Amino acid sequence: MTSSENQNFFFISNLTVQILLAMLVGAVLGVFIHNNFDFDFAKNFSDKIKMLATIFIRLVQMIIAPLVFTTLVVGIAKLGDIKAVGRIGGKALGWFFSASFISLLIGMFWVNILQPGVGLKLGKVDLTAVSEVTDKTHGFSAQNFVEHIIPKSIVEAMANNEILQIVIFSIFFGLAAASIGTSAKPVVNALDKTSHIILKMVNYVMKFAPIGVFGAIAGVFAIRDLNELLLIYAKYFGSFLIGISSLWIVLLFVGYIFLKDKMTTLLKRIVSPLIIAFSTTSSEAVFPKLTEELERFGVKDKIVSFMLPLGYSFNLDGSMMYMTFASIFIAQAYGVHLDLATQLTMLLVLMLTSKGIAGVPRASLVVVAATCGMFKIPVEGIALILPIDHFCDMFRSSTNVLGNALATSVIGKWEKE
């Protein structure tokens with residue numbers, strides 16, 4: 001290792017230790033507040049302490065749009081022609097849809113084998129919390145799907161951090177720059193320098209990560225009785241963990257097939273992004289850091305800048321597994337029988353509809369609610385999974401990060417980049 005690489009590795013290791021300590025201290029503080037103060041005080045404390053996590057996530061979000069635009073345009077310009085973009089894009093989409101299909105199948109398999117919703121008796125569910133999710137499903141249609149993909153304004157897309165829309169604009173911009181040739185080099189070089197400045201900003205922002213993680217964990221544990229939740233939802237959460245663990249095994253096995261011994265190095269590189277995604281329940285929060293770590297792992301910047309934005313829109317493996325699992329769980333809880341053909345149809349519907357809502361808050365629940373409506377499953381069943389959803393989201397988010405890191409690394413190897 002060079003001295004620069006040693007410094008980077010030390011920073012990663014040090015940051016990982018700080019984040020783990022922040023999680024531990026946050027959990028201890030949250031449990032202390034929950035056990036020693038009344039609910040009103042705990043709720044007020046939770047709202048205030050979560051502001052630390054909000055600040056961290058917003059700091060990351062302010063970087064994402066310019067980072068995606070600059071790196072993707074430069075990456076496409078460096079690829080040089082539309083054939084290269086088409087070739088890599090084809091491989092990427094092939095990987096994404098295969099991974100999504102396998103993830104959906106794993107969720108469907110385990111929910112049918114373990115049947116966590118059968119005989120469930122949770123009493124009266126709280127429907128007040130359902131409205132914020134179900135309200136987002138209104139107008140969930142093919143038209144909205146297309147409108148979500150195609151931007152009507154790049155400024156609006158950047159303002160709302162609509163990654164998929166930014167990707168569409170950046171691809172057109174990059175291809176146009178590549179077709180112009182040498183006369184476009186000053187613009188491409190300027191964007192290249194800008195992307196390096198933004199990546200430097202990432203290092204500054206990541207120093208705040210332990211504080212953000214501390215706020216997120218303390219806020220959750222202050223208002224949630226984890227013991228009571230796990231007692232009530234033991235079968236549901238246990239079944240979910242079996243499903244998500246199976247998905248990890250599949251992803252790691254496939255990654256090892258393609259990357260061999262380098263798989264261990266990749267996991268060491270992405271451990272900090274995985275922990276941050278897990279603790280903040282936001283895979284978006286680690287996008288800039290994951291970009292940096294994959295380049296340090298050895299994947300060329302033009303591949304990383306092309307693959308990751310696409311992956312964040314099309315390759316959310318953890319979320320996909322959860323969608324079939326949660327949808328069929330709600331059907332089981334309400335005694336709605338779904339035969340194999342109906343479940344496979346549901347799987348295909350989820351495969352398509354989930355691609356149009358990247359960036360929507362609690363996107364997995366929105367898709368689950370919409371799917372329930374399509375298949376005559378009571379939408380209010382979302383209330384059954386809301387209390388435990390935050391803890392499921394921790395595992396979903398970190399799985400999404402792993403899936404995108406693997407996809408980018410494998411495509412990079414296929415392209416000999």
Side-chain angles (χ1 to χ4, degrees), residues 59-93 95-96 148-203 205 283-284 286-315 355 358-359 404-405 407-409 411-412 414-417:
L59 284 171
V60 174
Q61 288 174 332
M62 77 176 181
I63 296 172
I64 290 175
L67 181 64
V68 170
F69 175 68
T70 55
T71 56
L72 187 51
V73 169
V74 171
I76 291 173
K78 286 180 178 178
L79 287 174
D81 60 69
I82 197 167
K83 288 183 180 179
V85 175
R87 184 183 68 249
I88 297 171
K91 290 178 180 178
L93 291 177
W95 178 283
F96 295 159
H148 186 83
I149 292 176
I150 309 298
K152 63 180 178 182
S153 165
I154 185 57
V155 176
E156 181 185 55
M158 286 189 165
N160 295 326
N161 264 343
E162 294 282 359
I163 293 180
L164 185 54
Q165 295 184 5
I166 298 170
V167 166
I168 297 296
F169 179 85
S170 301
I171 289 173
F172 277 97
F173 193 99
L175 289 173
S179 67
I180 291 174
T182 54
S183 59
K185 276 190 175 181
V187 175
V188 175
N189 289 336
L191 291 174
D192 193 18
K193 295 292 187 293
T194 302
S195 69
H196 283 89
I197 293 171
I198 295 169
L199 285 172
K200 187 66 177 176
M201 289 173 65
V202 172
N203 287 327
V205 170
S283 51
E284 188 182 58
V286 300
F287 180 94
K289 186 66 178 172
L290 190 59
T291 299
E292 199 174 54
E293 293 306 332
L294 288 173
E295 289 180 8
R296 286 176 179 166
F297 172 63
V299 186
K300 292 293 185 183
D301 56 354
K302 60 186 179 182
I303 300 294
V304 175
S305 61
F306 185 78
M307 284 292 300
L308 264 193
L310 285 177
Y312 267 69
S313 299
F314 291 102
N315 191 44
K355 306 306 179 190
N404 280 317
T408 303
S409 302
I411 298 296
W414 282 351
E415 288 295 310
K416 296 181 173 59
E417 296 288 357

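Quick caveat: nothing in here was measured; it's all calculated off a predicted structure.
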Per-pair distances, 0.1 Å, donor-acceptor, side chain in residues 168-176, under 3.5 Å, sequence neighbours excluded:
| from | atom 1 | to | atom 2 | distance (Å) |
| --- | --- | --- | --- | --- |
| Ser170 | OG | Ile166 | O | 2.7 |

Just how far is it from atom [atom1] of [X] to atom [atom2] of [Y], taken to the nearest 0.5 Å?
{"X": "Ile198", "Y": "Met62", "atom1": "CD1", "atom2": "CE", "result": "10.0 Å"}
{"X": "Leu310", "Y": "Trp95", "atom1": "CG", "atom2": "CH2", "result": "15.0 Å"}
{"X": "Lys302", "Y": "Ile76", "atom1": "NZ", "atom2": "CD1", "result": "12.0 Å"}

Point to revise | For Phe306, the option from Val167, Thr71, Ile88 that meets side chain to side chain contact (heavy atoms under 4.5 Å, CB included) | key: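 Among Val167, Thr71, Ile88, the one that satisfies the side chain to side chain contact (heavy atoms under 4.5 Å, CB included) with Phe306 is Ile88.
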Practice item. Run through Leu67, Val60, Ile63 and flag the one making a side chain to side chain contact (heavy atoms under 4.5 Å, CB included) with Phe287. Key: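 In the set Leu67, Val60, Ile63, the residue that makes a side chain to side chain contact (heavy atoms under 4.5 Å, CB included) with Phe287 is Leu67.
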Excluding sequence neighbours, so at least two apart, what forms side chain to side chain contact (heavy atoms under 4.5 Å, CB included) with [X]?
{"X": "Thr408", "result": "Leu294, Val299, Val304, Met307, Leu308"}
{"X": "Asp192", "result": "Val74, Lys78, Ser195, His196"}
{"X": "Glu156", "result": "Lys152, Ser153, Asn160"}
{"X": "Ala190", "result": "none"}

Check your understanding: Judged by atom type as modelled, is there a donor-acceptor pair below 3.5 Å linking the side chain of Tyr312 to the main-chain atoms of Ser283?
Key ->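 Between the backbone of Ser283 and the side chain of Tyr312 there is a qualifying donor-acceptor contact (under 3.5 Å).
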Taking all non-hydrogen atoms of both residues into account, name the closest pair between [X] and [Y] and its distance.
{"X": "Leu72", "Y": "Ser305", "answer": "CD1-O, 3.2 Å"}
{"X": "Ala157", "Y": "Pro151", "answer": "CB-CB, 4.3 Å"}
{"X": "Ala178", "Y": "Ala77", "answer": "CB-CA, 4.2 Å"}

Point to revise | Lys91: partners by salt bridge (Lys or Arg N to Asp or Glu O under 4.0 Å), with sequence neighbours left out | key: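 Lys91 satisfies salt bridge (Lys or Arg N to Asp or Glu O under 4.0 Å) with Glu415 only.
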Exercise for review: For the residue pair Pro288 and Leu199, establish whether any side-chain heavy-atom pair is separated by less than 4.5 Å.
Suggested key: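 No - every pair of side-chain heavy atoms lies 4.5 Å or more apart.
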